[in-house]
Amino acid sequence: QVQLVESGGGLVQPGGSLRLSCAASGFTFSRYAMSWYRQAPGKERELVARITAVYTSTNYADSVKGRFTISRDNAKNTVYLQINSLKPEDTAVYSCSSGNGIWGQGTQVTVSS
């Protein structure tokens, strides 16, 4: 079954950290770039980070540079998003997507004291 499954979201206080995971199955994960998106209530979906397939080059939205780190483990078919120094405005549903058009169901991140 071709799918992406996110995990690692939750409720965290401002300044805290989370590591999101996205596990892929059913396709050759290592061949595709992977991306993390987020969508906050009432807002459009935003691309926050992307990592290429071969050279693992990364790019980030300006709003998360220096706080978010995307990485991948092709042996585990998993892409990660390390989120540090969380802010209330980071509250959103975070979803991963593969370069062949597969989307996960999303994981909720809530930043609140």
Side-chain angles (χ1 to χ4, degrees):
Q1 183 178 4
V2 176
Q3 63 178 358
L4 296 172
V5 179
E6 299 95 337
S7 61
L11 173 63
V12 63
Q13 292 186 344
S17 298
L18 284 173
R19 188 175 83 154
L20 308 183
S21 300
C22 170
S25 60
F27 64 98
T28 307
F29 174 79
S30 60
R31 293 180 59 184
Y32 297 98
M34 296 295 297
S35 301
W36 282 97
Y37 289 79
R38 69 183 180 185
Q39 187 165 23
K43 295 188 176 181
E44 293 188 355
R45 187 168 60 197
E46 174 189 22
L47 173 64
V48 295
R50 182 178 182 271
I51 185 167
T52 60
V54 178
Y55 298 106
T56 63
S57 298
T58 59
N59 52 57
Y60 299 91
D62 287 343
S63 58
V64 307
K65 282 181 181 177
R67 300 188 298 121
F68 288 22
T69 302
I70 188 171
S71 61
R72 65 189 298 159
D73 185 338
N74 288 340
K76 295 182 178 180
N77 290 344
T78 301
V79 61
Y80 304 97
L81 187 68
Q82 178 68 41
I83 309 175
N84 298 327
S85 303
L86 277 157
K87 304 175 182 180
E89 53 263 42
D90 294 319
T91 295
V93 175
Y94 286 71
S95 302
C96 63
S97 176
S98 62
N100 58 342
I102 309 303
W103 286 83
Q105 83 289 349
T107 185
Q108 176 71 46
V109 172
T110 302
V111 184
S112 175
S113 55

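What you see below is based on every heavy atom in this structure, not just the backbone, and it leaves out hydrogens, waters and symmetry mates.
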**Student:** What residues, two or more places apart in sequence or in another chain, satisfy salt bridge (charged side-chain N to carboxylate O under 4.0 Å, His left out) together with K65?
**Tutor:**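 Salt bridge (charged side-chain N to carboxylate O under 4.0 Å, His left out) list for K65, sorted by chain: D62.
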**Student:** Other members of the hydrophobic cluster containing Y37, with the 4.5 Å side-chain heavy-atom rule, please.
**Tutor:**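 Y37 shares its hydrophobic cluster with L47, W103.
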**Student:** Write down the atom of G106, the atom of S95, and the distance for their closest heavy-atom approach.
**Tutor:**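 For G106 and S95, the tightest heavy-atom pair comes out as CA-OG, 3.5 Å.
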**Student:** Decide whether I83 and V93 are clustered together by the hydrophobic rule: side chain heavy atoms of Ile, Leu, Val, Met, Phe, Trp, Tyr closer than 4.5 Å, transitively.
**Tutor:**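 No; V93 is not reachable from I83 via cluster members.
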**Student:** How close do Q108 and T91 get, heavy atom to heavy atom, and via which atoms?
**Tutor:**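 For Q108 versus T91, the nearest heavy atoms are NE2-CG2, 3.9 Å.
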**Student:** Of all residues at least two apart in sequence or in a different chain, which pass the side-chain hydrogen bond (donor to acceptor under 3.5 Å, both in side chains) check with R50?
**Tutor:**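 Checked R50 against side-chain hydrogen bond (donor to acceptor under 3.5 Å, both in side chains); zero matches.
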**Student:** Which pairs count as salt bridge (Lys or Arg N to Asp or Glu O under 4.0 Å) when at least one residue sits in residues 3-15, sequence neighbours excluded?
**Tutor:**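 Those involving residues 3-15 do not exist here.
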**Student:** Determine whether T56 and T58 make a side-chain contact, defined as any pair of heavy atoms from C-beta on separated by less than 4.5 Å.
**Tutor:**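 No, side chains not in contact.
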**Student:** Mind checking side-chain hydrogen bond (donor to acceptor under 3.5 Å, both in side chains) for S98 and listing every partner two or more places apart, or none if nothing turns up?
**Tutor:**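 Only N100 meet the side-chain hydrogen bond (donor to acceptor under 3.5 Å, both in side chains) criterion with S98.
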**Student:** Which residues pass the side-chain hydrogen bond (donor to acceptor under 3.5 Å, both in side chains) test with N59, not counting sequence neighbours?
**Tutor:**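 With sequence neighbours excluded, N59 shows a side-chain hydrogen bond (donor to acceptor under 3.5 Å, both in side chains) to no residue whatsoever.
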**Student:** Are V2 and L4 connected into the same hydrophobic cluster when the rule is that any two of I, L, V, M, F, W, Y join if their side-chain heavy atoms are below 4.5 Å apart?
**Tutor:**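 In one cluster: yes.
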**Student:** Against R38, only a single residue in V64, L81, T107 fulfils side-chain contact (heavy atoms from CB on, under 4.5 Å); can you say which?
**Tutor:**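 Single pass found, and it is V64.
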**Student:** My understanding is that only residues two or more places apart in sequence, or in another chain, count here; which of them pass salt bridge (charged side-chain N to carboxylate O under 4.0 Å, His left out) with E89?
**Tutor:**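 Residues passing salt bridge (charged side-chain N to carboxylate O under 4.0 Å, His left out) with E89: none at all.
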**Student:** What are the two closest non-hydrogen atoms of Y60 and I70, and how far apart are they?
**Tutor:**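 In this case the closest contact between Y60 and I70 is OH-N, 2.9 Å.
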**Student:** Hey, could you give me the CD/OG distance between E46 and S63, rounded to the nearest 0.5 Å?
**Tutor:**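 One finds 4.0 Å between CD of E46 and OG of S63.
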**Student:** Return each pair, listed once, that meets salt bridge (Lys or Arg N to Asp or Glu O under 4.0 Å) where at least one residue sits in residues 104-113; pairs must be two or more places apart or across chains.
**Tutor:**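 Every pair satisfying salt bridge (Lys or Arg N to Asp or Glu O under 4.0 Å) with a residue in residues 104-113: there are none.
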**Student:** Which disulfide (SG to SG under 2.5 Å) pairs, counting each pair once, include a residue from residues 34-72, with sequence neighbours left out?
**Tutor:**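 Residue pairs with at least one partner in residues 34-72: there are none.
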**Student:** Is the side chain of T52 donor-acceptor paired with the backbone N or O of S57 at a distance under 3.5 Å, no angle test?
**Tutor:**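 Flag set: sc T52 to bb S57 pair under 3.5 Å.
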**Student:** Go through the structure and list residues passing side-chain hydrogen bond (donor to acceptor under 3.5 Å, both in side chains) with N77, not counting sequence neighbours.
**Tutor:**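 Once residues adjacent in sequence are excluded, N77 has no partner under the side-chain hydrogen bond (donor to acceptor under 3.5 Å, both in side chains) criterion.
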**Student:** Can you pull the disulfide (SG to SG under 2.5 Å) pairs that have at least one residue in residues 32-84, sequence neighbours excluded?
**Tutor:**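 As it turns out, there is no disulfide (SG to SG under 2.5 Å) pair with a partner in residues 32-84 once direct neighbours are skipped.
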**Student:** Please report, to 0.1 Å, the donor-acceptor pairs under 3.5 Å made by any side chain of residues 15-36, with sequence neighbours excluded.
**Tutor:**
residue : atom : partner : partner atom : Å
S17     : OG   : N84     : OD1          : 3.0
S25     : OG   : Q1      : O            : 3.3
W36     : NE1  : Y80     : O            : 3.4

